[in-house]
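What you see below is based on every heavy atom in this structure, not just the backbone, and it leaves out hydrogens, waters and symmetry mates. One-based numbering, in listed order, for ligands and for the atoms of each.
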Amino acid sequence: MGVSHEPLVDSFGRTVRDLRISVTDRCNFRCTYCMPAEGMQWLPRSEVLTFEEIERLARLFVERFGVDGIRLTGGEPTVRAHLPVLVGKLATIRLPDGRRPDLALTTNGSALRHLAHELRDAGLARVNISLDTLRRDRFLQMTRRDELDRVLDGIEAAKEAGFAPVKLNTVVQRGVNDDEIVDLARFGREAGVEVRFIEFMPLDADGHWHPEAVVGQDEIVAAIAAEFALRPVAARGAAPADSWEYVDGRGTVGVIPSVTKPFCGDCDRVRLTAEGQFRTCLFATSEHDLLSLLRNGADDEAIAAEIRRAVGGKWAGHQINQVSFVRPRRTMSQIGG
Ligand code: SAM
Ligand code: SF4
């Protein structure tokens with residue numbers, strides 16, 4: 001309401017431009033690098049942000065702080081009932097200069113055959129789909145669900161609905177799926193989708209992560225380049241992925257080197273968990289309780305002040321590679337990847 005744009009800048013001079021919102025902690029998969037096989041304790045529904053609460057916070061970030069990217073994630077965002085209704089609400093938000101923020105979704109893809117068109121019609125701009133293997137038996141091992149065909153069909157459905165580009169997220173783990181790097185890159189080339197390989201991070205519920213399980217960016221790129229000639233695409237800025245293009249013009253491939261080449265110095269993102277806890281880093285060990293503020297009747301000024309305070313205290317970066325590293329209490333699915 002006539003409020004001018006006040007960028008959210010942290011004490012290291014980084015401006016927040018990207019908000020990741022987890023819409024649920026629940027999931028229909030149980031990926032081994034993310035969740036345990038059994039025993040996840042779900043949040044009671046009353047503690048999960050309502051669509052109206054999510055919209056109110058998103059408006060504050062976009063209209064007041066000029067955040068121009070919103071990504072919905074989880075858990076699995078498509079298991080939240082009526083997700084297109086939320087997308088529809090968020091799609092009405094505009095930046096102070098009238099632009100639409102970029103509205104994106106990260107999903108395991110299993111529900112896209114049913115939802116892709118509806119999400120697109122509601123105003124979703126982009127979709128990233130997770131796919132770690134093309135082998136059915138391995139898919140079952142890695143996700144503990146026999147749903148490879150549904151995910152592949154979901155990728156097709158996303159393309160048919162007009163999402164462009166469709167990107168795939170692939171977490172690479174040594175001894176698990178590192179022998180499929182080239183196959184997955186080939187799949188991306190042939191399907192006309194950009195594969196982004198992600199280094200395995202210490203956010204798995206089972207606590208099996210260890211440094212040797214990480215396949216680093218250099219190794220991933222070398223494996224692909226041995227099969228398809230690549231050349232680097234100009235620097236990534238605040239985007240987490242480094243990109244290469246195929247010299248023959250068949251698209252691009254990315255790597256997110258969170259472990260071997262952390263990009264914290266350029267980080268422009270913040271996160272909101274499903275229960276309204278604000279986090280300034282994936283690996284943060286403290287959170288700011290926006291849910292309580294919302295439900296205790298705080299006005300926008302008070303909520304904005306809390307957000308500013310949190311961002312002011314954002315740390316320089318995670319220290320996965322150092323002995324001082326402390327794993328966050330939450331797993332990836334509980335934070336919102
Ligand atoms: N359920 C959706 C999905 O799988 O795309 C969205 C949430 S998921 C937590 C977001 C992303 O985090 C996915 O691409 C997933 O592969 C990635 N992820 C989960 N655990 C990870 C880990 N330990 N290291 C690296 N990436 C991870
Ligand atoms: Fe679910 Fe995504 Fe975690 Fe897999 S990575 S268990 S699909 S939240």
If you scan protein heavy atoms around atom 26 (N) of ligand 1, the nearest is Val171 CG2, 3.4 Å
- Query: Within the structure, does Asn169 bring an N/O atom to less than 3.5 angstrom of an N/O atom in ligand 1?
  - Reply: yes
With Val16 as partner, the option from Val67, Asp268, Val9 fulfilling side-chain contact (heavy atoms from CB on, under 4.5 Å) is Val67
Give yes if a backbone or side-chain nitrogen or oxygen of Gly75 is under 3.5 Å from a nitrogen or oxygen of ligand 1, and no if not. yes
OG (Ser22) and CD (Glu275) are apart, to the nearest 0.5 Å, by 8.0 Å
Verify the distance test for Cys27 against atom 4 (Fe) of ligand 2: any N/O/S atom under 2.8 Å, yes or no.
no
Quick note on ligand 1: atoms under 4.0 Å from a heavy atom of Thr107 include exactly 2 (C), 3 (C), 5 (O)
In ligand 1, the atoms that come under 4.0 Å of a heavy atom of Asn108 are 2 (C), 3 (C), 5 (O)
Practice problem: Check whether any side-chain heavy atom of Gln173 sits under 4.5 Å from a side-chain heavy atom of Asp178, and report yes or no. | Solution: no
So is Gly74 touching ligand 1 or not, going by heavy atoms under 4.0 Å? yes
Is the closest basic N to carboxylate O distance between Lys261 and Asp218 below 4.0 Å?
yes
Item to complete: Verify the distance criterion only: is there a donor paired with an acceptor across the side chains of Arg138 and Thr143 at less than 3.5 Å?
Response: no
A student comparing Glu76, Glu199, Met142 should find that the heavy atom closest to atom 2 (C) of ligand 1 comes from Glu76
Under a heavy-atom criterion of less than 4.0 Å, does Gly109 contact ligand 1?
no
Residue, atom and distance of the protein heavy atom nearest atom 24 (N) of ligand 1 read Met201 N, 2.9 Å
*asked:* If I apply the N/O under 3.5 Å rule, does Thr73 come out as touching ligand 1?
replied: no
Check: of Ser130, Gly109, Cys31, min heavy-atom distance to atom 6 (S) of ligand 2 comes from Cys31
heavy-atom search around atom 10 (C) of ligand 1 in the protein gives Gly337 CA, 3.8 Å
Open item on the list: Does the Lys NZ or Arg CZ of Arg189 fall within the cation-pi geometry relative to Phe228 - under 6.0 Å from the ring centre and within 45° of the axis?
Closed with: yes
heavy-atom search around atom 9 (C) of ligand 1 in the protein gives Met332 CG, 3.4 Å
protein heavy-atom neighbour closest to atom 20 (N) of ligand 1 works out as Tyr33 CD1, 3.2 Å
If we number the atoms of ligand 2 from 1 as shown, the ones under 4.0 Å from a heavy atom of Gly75 are 8 (S)
Got an N, O or S from Cys34 under 2.8 Å of atom 3 (Fe) of ligand 2?
-> yes
For Asn108, the ligand 2 atoms with a heavy-atom partner under 4.0 Å come out as 7 (S)
In this structure, atom 3 (C) of ligand 1 is nearest to the protein heavy atom Ser130 OG, 3.3 Å
